[in-house]
Colleague: 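To start, I am sharing the structure in question, which I have written as structure tokens.
Reminder, nothing fancy here: chain letters follow the sequence lines and each chain counts from 1. Everything numeric here is computed off the predicted structure, so don't read it as measured data.
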Protein chains: 2
Amino acid sequence: MTRSEENYLKTIFHLGGSKTTTPITTNAIAEQMETKPSSVTDMAKRLSEKGLVNYKKYQGVSLSELGIKTALNIIRKHRLWEVFLVRKLDFTWDEVHEVAEQLEHIKSEKLIDKIDELLGFPKYDPHGDPIPTKNGDIDEQGYDKQLLSELPVGTKGTCVAVKDSSVPFLQYLDKHGISIGKTIHILGKEVFDGSLHLRVGNREHTVSQQIATNLYLQSK
Amino acid sequence: MTRSEENYLKTIFHLGGSKTTTPITTNAIAEQMETKPSSVTDMAKRLSEKGLVNYKKYQGVSLSELGIKTALNIIRKHRLWEVFLVRKLDFTWDEVHEVAEQLEHIKSEKLIDKIDELLGFPKYDPHGDPIPTKNGDIDEQGYDKQLLSELPVGTKGTCVAVKDSSVPFLQYLDKHGISIGKTIHILGKEVFDGSLHLRVGNREHTVSQQIATNLYLQSK
DNA sequence: ATTATTTTTTAGACAAATCTAAAAAAAGGT
DNA sequence: ACCTTTTTTTAGATTTGTCTAAAAAATAAT
Ligand SMILES: [Mn+2]
Ligand SMILES: [Mn+2]
Ligand SMILES: [Mn+2]
Ligand SMILES: [Mn+2]
């Protein structure tokens with residue numbers, strides 16, 4: 001299992017390749033990974049050869065049982081390392097992803113099990129994403145969360161996850177005092193552009209629809 | 001800087017390639033890395049191209065200033081990770097090397113600085129080897145240590161380092177209750193084969209010369 | 001000083017992972 | 001149905017890192 005193969009499996013999983021419904025197109029994978037479709041075709045063949053994906057020419061790619069198990073194991077490592085970086089080394093949530101992209105490829109079952117133990121077997125990573133268990137179970141839904149943009153005016157809820165984990169988005173949230181665990185109150189909605197008026201703690205802000213479609217709340 | 005390049009630099013350093021006295025032969029590097037001399041020649045050219053080593057055909061290889069700095073940085077990471085694994089994750093000293101071989105290639109200055117801080121800026125790794133500082137200083141000698149085999153009968157000292165860090169050797173030491181910090185008393189020496197009679201704690205053992213040439217004591 | 005041996009380098013091949021350009025297949029439009 | 005556009009694959013090239021076999025240089029032995 002090379003690093004590149006692992007990255008492909010992870011990407012295919014994130015694009016929904018674990019469902020047997022619609023296979024993932026080579027183009028979609030190429031775009032996500034910032035590579036060329038021809039490179040994806042090559043890798044699709046190699047992964048198929050190894051029994052990690054189902055691939056038939058012009059039909060796209062889906063993960064095999066083994067492929068899903070492997071992808072979840074990498075995602076588990078990625079998210080556990082993210083928790084470690086935040087909780088034990090005081091990294092901020094916008095700094096962890098880049099380093100975790102490297103750490104997720106370290107091959108040592110004992111290492112990740114010990115990290116898991118050190119952290120007290122966390123269920124969610126710093127972005128609110130669920131951490132798969134050692135035997136590959138994942139709570140896909142996580143909390144019964146809903147996008148901020150889909151909730152009616154007047155709703156009060158707790159921020160439980162972000163959909164977009166990019167550095168600029170996370171820094172935007174920091175700047176506005178929004179983080180996981182914060183209580184958010186939807187005060188109003190602008191019909192013209194879908195922007196929302198919020199109360200976060202004791203501050204009030206207006207946020208664009210783009211922001212609202214990338215924040216998950218657990219309403220109460 | 002690729003992983004392979006980093007491994008070559010580290011190996012050259014460990015073979016004494018930071019001294020300008022005698023360059024390291026391609027054969028010596030090949031043997032140490034369990035690869036072929038022709039592969040080493042190829043890499044020597046590439047590293048020379050990048051200004052990391054001095055290399056002239058048939059003359060062997062030595063590290064440049066930049067090469068030394070780079071090698072020490074990798075060794076620093078390797079040894080800090082070893083300390084982390086032992087102190088924070090309860091790894092034994094014979095388990096850490098293999099995992100550290102992977103972790104030493106993680107590229108994040110912040111990560112290793114934070115690990116260093118978490119550990120309280122340790123000076124020695126679990127095998128008694130000195131940890132280079134952030135700016136590339138290393139206490140080559142470490143303690144004023146001497147090989148057990150070079151000390152006279154009657155000497156009493158503290159075990160401060162091992163020369164060989166291989167799994168079988170470390171497990172041998174564990175089995176005989178020998179670890180870093182333990183007091184060792186040289187009770188006698190067999191002239192025939194150089195084996196030593198020792199007291200370690202309250203136990204007495206006879207150890208072969210091969211063992212004695214791989215254990216460092218600080219005599220007192 | 002030649003010859004023989006050992007060490008080191010070169011030449012050529014291969015696998016992994018990528019790219020560009022061209023060909024083939026699929027999907028869309030009239 | 002036929003033509004056009006988009007998607008996907010193939011063909012051929014490139015880089016890194018490795019190997020084997022052969023050539024060249026350096027060392028050692030007679
Ligand atoms: Mn991440
Ligand atoms: Mn995450
Ligand atoms: Mn080590
Ligand atoms: Mn060590």
Side-chain angles (χ1 to χ4, degrees), chain A residues 1-13 15-17 21-63 66-67 70-71 74 101-102 104-107, chain B residues 1-13 15-17 21-63 66-67 70-71 74 101-102 104-107:
Chain A
M1 191 80 314
T2 71
R3 173 172 303 220
S4 190
E5 286 170 344
E6 291 185 346
N7 283 331
Y8 274 94
L9 291 180
K10 200 178 49 154
T11 300
I12 296 165
F13 183 92
L15 290 172
T21 52
T22 10
I24 312 302
T25 66
T26 48
N27 257 13
I29 298 166
E31 194 176 355
Q32 183 74 22
M33 297 187 74
E34 296 182 59
T35 183
K36 302 292 164 183
S38 56
S39 304
V40 178
T41 302
D42 280 357
M43 184 56 88
K45 287 175 185 168
R46 249 172 304 178
L47 292 173
S48 174
E49 208 60 44
K50 296 193 179 188
L52 291 158
V53 304
N54 311 113
Y55 169 67
K56 263 175 281 166
K57 275 191 191 183
Y58 299 103
Q59 308 254 95
V61 176
S62 66
L63 294 171
L66 179 61
T70 310
I74 303 158
E101 284 291 304
Q102 299 180 61
E104 72 189 4
H105 300 291
I106 300 288
K107 280 160 188 60
Chain B
M1 190 81 313
T2 70
R3 174 174 300 223
S4 190
E5 285 170 345
E6 291 185 346
N7 283 332
Y8 273 94
L9 292 180
K10 201 178 49 151
T11 300
I12 296 165
F13 184 92
L15 289 172
T21 52
T22 10
I24 312 304
T25 65
T26 47
N27 257 12
I29 298 166
E31 195 176 354
Q32 182 73 24
M33 297 187 73
E34 295 181 63
T35 183
K36 301 293 165 184
S38 56
S39 305
V40 178
T41 302
D42 281 357
M43 184 55 88
K45 287 176 185 167
R46 250 175 306 197
L47 293 173
S48 175
E49 209 60 46
K50 296 195 179 185
L52 291 158
V53 304
N54 311 113
Y55 169 66
K56 263 176 282 166
K57 275 191 191 182
Y58 299 102
Q59 307 254 96
V61 176
S62 67
L63 294 171
L66 179 61
T70 309
I74 303 157
E101 284 291 304
Q102 299 180 61
E104 71 188 5
H105 299 291
I106 301 288
K107 280 159 188 60

Colleague: What is the distance, rounded to the nearest whole Å, between atom CD of B:Glu49 and atom P of D:dT16?
Modeller: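 Result: 11 Å.
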Colleague: Using a 3.5 Å distance criterion without hydrogens, assess whether the side chain of A:Gln59 forms a donor-acceptor pair with backbone atoms of A:Pro23.
Modeller: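 No; judged by distance alone, with no hydrogens or angles, the pair does not exist.
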Colleague: Take nucleotides 3-14 of chain D nucleotide by nucleotide from the 5' end and write B, S or -, depending on whether a protein heavy atom sits under 4.0 Å from the base, only from the sugar-phosphate, or from neither.
Modeller: ----SSBB----
Colleague: Rounded to whole angstrom units, what separation is found between the CD atom of B:Glu6 and the P atom of D:dG17?
Modeller: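 Rounded to the whole Å, the gap is 11 Å.
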Colleague: Examine C:dA17: is either OP1 or OP2 under 4.0 Å from a nitrogen or oxygen in the side chain of A:Arg46? Give yes or no.
Modeller: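 Affirmative; the distance criterion is met.
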Colleague: Just so I know, are the side chains of B:Glu104 and B:Asn7 near enough to count as touching, which here means a heavy-atom distance under 4.5 Å?
Modeller: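 They are in contact (side-chain heavy atoms under 4.5 Å apart), so the answer is yes.
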Colleague: Where the side chain of B:Glu5 is concerned, which of C:dA16, D:dC19, D:dG17 is the nearest nucleotide?
Modeller: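 Per side-chain heavy atoms of B:Glu5, the pick is D:dG17.
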Colleague: So A:Lys107 and A:Glu6, do their side chains get closer than 4.5 Å, heavy atoms only?
Modeller: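 Sidechains of A:Lys107 and A:Glu6: in contact.
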Colleague: Side-chain N or O of A:Ser4 less than 4.0 angstrom from OP1 or OP2 on C:dA16?
Modeller: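 The answer is no; no side-chain N or O of A:Ser4 sits under 4.0 Å from OP1 or OP2.
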Colleague: Rounding to an integer number of Å, can you tell me how far B:Met1 CE sits from D:dT16 P?
Modeller: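 My rounded result for the distance is 12 Å.
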Colleague: Expressed as a whole number of angstroms, how long is the span from A:Tyr8:OH to C:dA16:C1'?
Modeller: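 Checked: the OH to C1' distance equals 11 Å.
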Colleague: Would you indicate whether the side-chain heavy atoms of A:His105 and B:His105 approach each other to under 4.5 Å?
Modeller: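 No; the side chains remain at least 4.5 Å from each other.
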Colleague: Heavy-atom nearest nucleotide on DNA chain D for B:Lys36 versus B:Lys50: which residue maps closer to 5'?
Modeller: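 Comparing both residues, the 5'-ward one is B:Lys50.
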Colleague: Under a 4.5 Å cut-off applied to non-hydrogen side-chain atoms, are B:Leu63 and B:Thr70 in contact?
Modeller: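 With C-beta onward as the side chain, the pair stays apart.
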Colleague: Please examine the side chains of A:Ile29 and A:Tyr8, heavy atoms only from C-beta on, and report whether any two atoms are closer than 4.5 Å.
Modeller: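 They are in side-chain contact.
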Colleague: Take the protein atom CG of B:Asn7 and the nucleotide atom C1' of D:dT18, then report the distance between them rounded to whole Å.
Modeller: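 About 14 Å, once rounded to whole Å.
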